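Just below is one structure, and these are the notes that go with it.
All figures in this text were calculated on a predicted structure; none of them were measured in a lab.
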Amino acid sequence: MARALELARRGLYTTHPNPRVGCVIVREAEIVGEGFHARAGEPHAEIHALRMAGERARGATAYVTLEPCCHWGRTGPCSNALLEAGVTRVVSAMQDPNPRVAGGGHGLLRAAGVQVESGVLEAEARALNAGFIKRMSAGMPRVRVKWGASLDGRTALANGASQWITGAAARRDVQFWRAQSSAILSSAESVITDNARLNVRLTAAELGIEGEVRQPVRVILDRELCLMPELSIFDGQGEVWIYTASNDSVKRTALAAVGAQVYSVPLNAEEHLDLHWILRDLASREINDVWVEAGARLGGAFVAQGLPDELIVYLAPMLLGHTARPLAELPEMTQLNQAQPWQWQEIVHVGDDLRLTLRPAEG
C-alpha cells in the first residue's frame with residue numbers, strides 16, 4: 001500500500017478533478033503490475049496495473065489507495081475490470097466518498113466472491129485526496145490561504161510596496177502549491193495592483209510530469225467588475241472565472257470577449273460577496289482545492305468566517321514596522337479568548353524564509 005500511495009502521488013499535479021489513486025498488483029509475493037491515475041478521461045490506476053500484469057493478475061491481490069469505482073464515468077468501472085482479470089483479493093486504503101461509489105465497488109467485489117479489506121494506511125490516503133473528499137462529503141472544496149509576511153507579520157509597506165518580502169526560493173515553492181490546486185483565488189484589487197497572472201510558471205520537467213502543465217482556474221472576486229480586459233490575467237493560459245454582484249452588461253460583455261466567465265453572486269449580511277456561496281458553487285463545478293492568494297482584507301475575511309482548512313505563511317527574516325500593512329484584517333477583539341486558535345503542522349526552511357503550515361485547532 002505504501003508503494004501504491006507513492007504511485008498515486010505522481011498524479012498530484014494532473015488528476016483534477018479526479019482523486020489521486022495508485023494500484024499495485026501482487027501475486028505470490030511478487031509485484032506483477034502497478035499504475036497510477038494521471039489525468040481525467042485516461043485509464044484509472046487499476047487499469048494500468050492490470051495491463052502490466054496481464055495473465056499474472058489471475059489469483060492475485062490488488063492494493064488500491066481508493067475503493068475501485070463501480071460506475072461508468074469518463075471511463076468504465078474498475079471493479080468489473082478487476083473481476084474480469086481474475087483478481088481474488090482487493091485491499092483498499094479507504095472507501096470512496098463519491099456517492100456514486102461509496103461502498104458499491106467493495107460490495108460488487110464481495111458479491112462476486114472476492115476477498116475485500118479496507119482501511120490500510122487510510123490516514124495517508126485521506127491526506128492525499130483531502131480536497132476531493134471534502135467536496136464529495138461536504139459539498140465544499142478544501143481551502144488554503146497563503147500569505148508572505150515579514151517577521152512582524154506585515155505584508156507590504158504603507159505605500160503598498162511588497163516586491164519582494166520573501167525570497168526567490170519561497171516564490172518558487174509557491175508554484176508547486178499552485179500547480180496542485182484546482183483553482184487559485186484572489187481579489188480584483190490584488191490582480192489590478194500587481195497585474196498578476198496567477199498561473200503556474202513551472203515546466204512539466206520541473207513538476208516531474210509528462211505532457212502539458214495543467215493551469216488551475218483563476219477565480220477572481222470582483223464585486224463591481226473593476227477588472228480591465230487588458231490585464232495580464234487574460235493571457236489565455238487557463239480559464240478565468242469572475243464572481244461579481246454587478247449586472248453591468250457592457251463590462252460583462254467586454255470580459256467575456258477576452259475569455260472570462262462571469263458569475264453572479266449574492267451578498268451576505270455585511271453586503272460583501274458571499275464566500276460560502278462562492279465555495280459551494282466552486283465545488284459544484286468540480287473544484288477540489290482552492291489556493292487563496294489575496295491581501296489582508298479578503299484573506300482576513302476567509303479566516304474570520306472560519307473557511308480555511310490550512311494557512312500557509314512564508315515568513316521572511318525582516319522587520320517592516322508598525323506602519324506597514326498587516327497580515328489580515330479581522331474584527332476587533334477585546335479579550336484574548338476571542339482569538340482564533342491554530343495548530344502548527346509543519347515548519348520548513350525555504351531558502352532564507354520559513355514556511356509555516358497551520359490548521360484550525362480542534363474544537
Side-chain angles (χ1 to χ4, degrees), residues 1-26 31-54 56-57 62-69 72-78 81-82 85 92-93 96 98 121 124-125 127-133 135 141-142 144 169 171-184 197-218 235-240 259 285-291 350:
M1 190 62 76
R3 172 59 179 165
L5 285 164
E6 182 182 354
L7 291 166
R9 291 187 187 97
R10 294 186 184 179
L12 187 65
Y13 305 115
T14 59
T15 60
H16 166 82
N18 290 355
R20 297 118 183 179
V21 182
C23 178
V24 172
I25 296 177
V26 177
I31 292 178
V32 296
E34 61 180 31
F36 69 97
H37 181 48
R39 297 179 189 272
E42 296 183 6
H44 289 184
E46 297 94 321
I47 305 305
H48 284 299
L50 288 170
R51 287 175 179 173
M52 181 177 174
R56 293 179 295 175
Y63 295 87
V64 193
T65 60
L66 186 68
E67 174 187 7
C69 62
W72 283 90
R74 296 180 178 93
T75 59
C78 293
L82 291 166
S92 68
D96 192 334
N98 187 341
L121 297 184
E124 291 86 342
L128 184 61
N129 286 306
F132 176 79
I133 293 168
R135 174 166 72 88
R142 174 170 59 173
R144 288 180 166 121
R171 297 196 295 276
R172 175 178 167 79
D173 191 64
V174 167
Q175 295 295 316
F176 290 94
W177 290 95
R178 285 183 177 184
Q180 64 184 271
S181 302
S182 308
I184 301 169
R197 284 187 169 87
L198 298 177
N199 59 352
V200 176
R201 297 164 196 169
L202 300 172
T203 65
E206 288 173 309
L207 290 171
I209 64 173
E210 296 181 358
E212 294 184 1
V213 174
R214 177 190 61 83
Q215 289 294 339
V217 177
R218 276 82 60 83
D235 57 5
Q237 294 191 52
E239 298 180 67
V240 178
R285 301 179 194 278
E286 297 189 313
I287 298 296
N288 294 329
D289 293 275
V290 175
W291 177 257
V350 181

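Contact of the Arg39 side chain with the Thr14 side chain is registered, since non-hydrogen atoms from C-beta on lie closer than 4.5 Å. A 4.5 Å side-chain heavy-atom check between Arg172 and Leu202 finds at least one atom pair inside the cut-off. Inter-residue side-chain proximity for Tyr63 and Leu5 is flagged as unmet; no heavy-atom pair is nearer than 4.5 Å. Using a 4.5 Å cut-off on side-chain heavy atoms (C-beta onward), Gln180 and Asp289 make no contact. Proximity of Cys23 to Leu7: side-chain heavy atoms (C-beta onward) are nowhere separated by under 4.5 Å.
To the nearest 0.5 Å, the span separating CD on Gln175 from CD on Glu206 amounts to 9.0 Å. A distance of 10.0 Å separates CZ of Arg171 from CZ of Arg201, quoted to the nearest 0.5 Å. Put simply, CG on Leu198 and CD on Gln237 are 11.5 Å apart, with the number rounded to the nearest 0.5 Å.
Shortest non-hydrogen contact noted between Arg20 and Leu128 is NH1-O, 3.0 Å. Closest of all the heavy-atom pairs between Arg56 and Val32 is NH2-O, 3.5 Å. Nearest heavy atoms, Ile287 versus Val290: CG2-CG2, 3.7 Å. Heavy atoms only, all atoms of each residue included: Leu50 and Ala57 are closest at CD2-CB, 3.9 Å. The two residues Asn18 and Ala40 come nearest to each other via the heavy atoms ND2-CA, 3.5 Å. Among all heavy-atom pairs drawn from Ala93 and Leu121, the shortest one is CB-O, 4.2 Å.
Between the side chain of Arg218 and the main chain of Arg197, a donor-acceptor pair closer than 3.5 Å is present. Remark: side-chain polar atoms of Asp96 are not paired, donor with acceptor, to backbone N or O of Leu66 under 3.5 angstrom. For the pair Arg142 (side chain) and Phe132 (backbone), a donor-acceptor distance under 3.5 Å is absent. Remark: side-chain polar atoms of His37 are not paired, donor with acceptor, to backbone N or O of Gly22 under 3.5 angstrom.
Applying the 6.0 Å contact sphere to CD of Glu210 captures no more than 12 heavy atoms from other residues, nucleotides or ligands.
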Trace of the side chain to side chain contact (heavy atoms under 4.5 Å, CB included) decision for Trp177 with Ile184: CA-CA 10 Å; Trp177 290 95; Ile184 301 169; over 6 Å; no

Worked verdict on Thr15 versus Phe36 for side chain to side chain contact (heavy atoms under 4.5 Å, CB included): CA-CA 10 Å; Thr15 60; Phe36 69 97; over 6 Å; no

Verdict with reasoning, Val200 to Arg178, per side chain to side chain contact (heavy atoms under 4.5 Å, CB included): CA-CA 6 Å; Val200 176; Arg178 285 183 177 184; 4.0 Å; yes

Derivation of the side chain to side chain contact (heavy atoms under 4.5 Å, CB included) call for Met52 and Glu34: CA-CA 7 Å; Met52 181 177 174; Glu34 61 180 31; 4.1 Å; yes

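A donor-acceptor contact closer than 3.5 angstrom links the side chains of Asn288 and Arg135. For the residue pair His16/Ser182, the side-chain donor-acceptor check at 3.5 Å is satisfied.
Ring geometry for Tyr13 against Phe176 counts as tilted: the plane angle lies between 30° and 60°, on a 0 to 90° scale.
Ion pairing between a basic and an acidic side chain is recognised when a charged N comes within 4.0 Å of a carboxylate O; Glu6 and Arg3 show such pairing.
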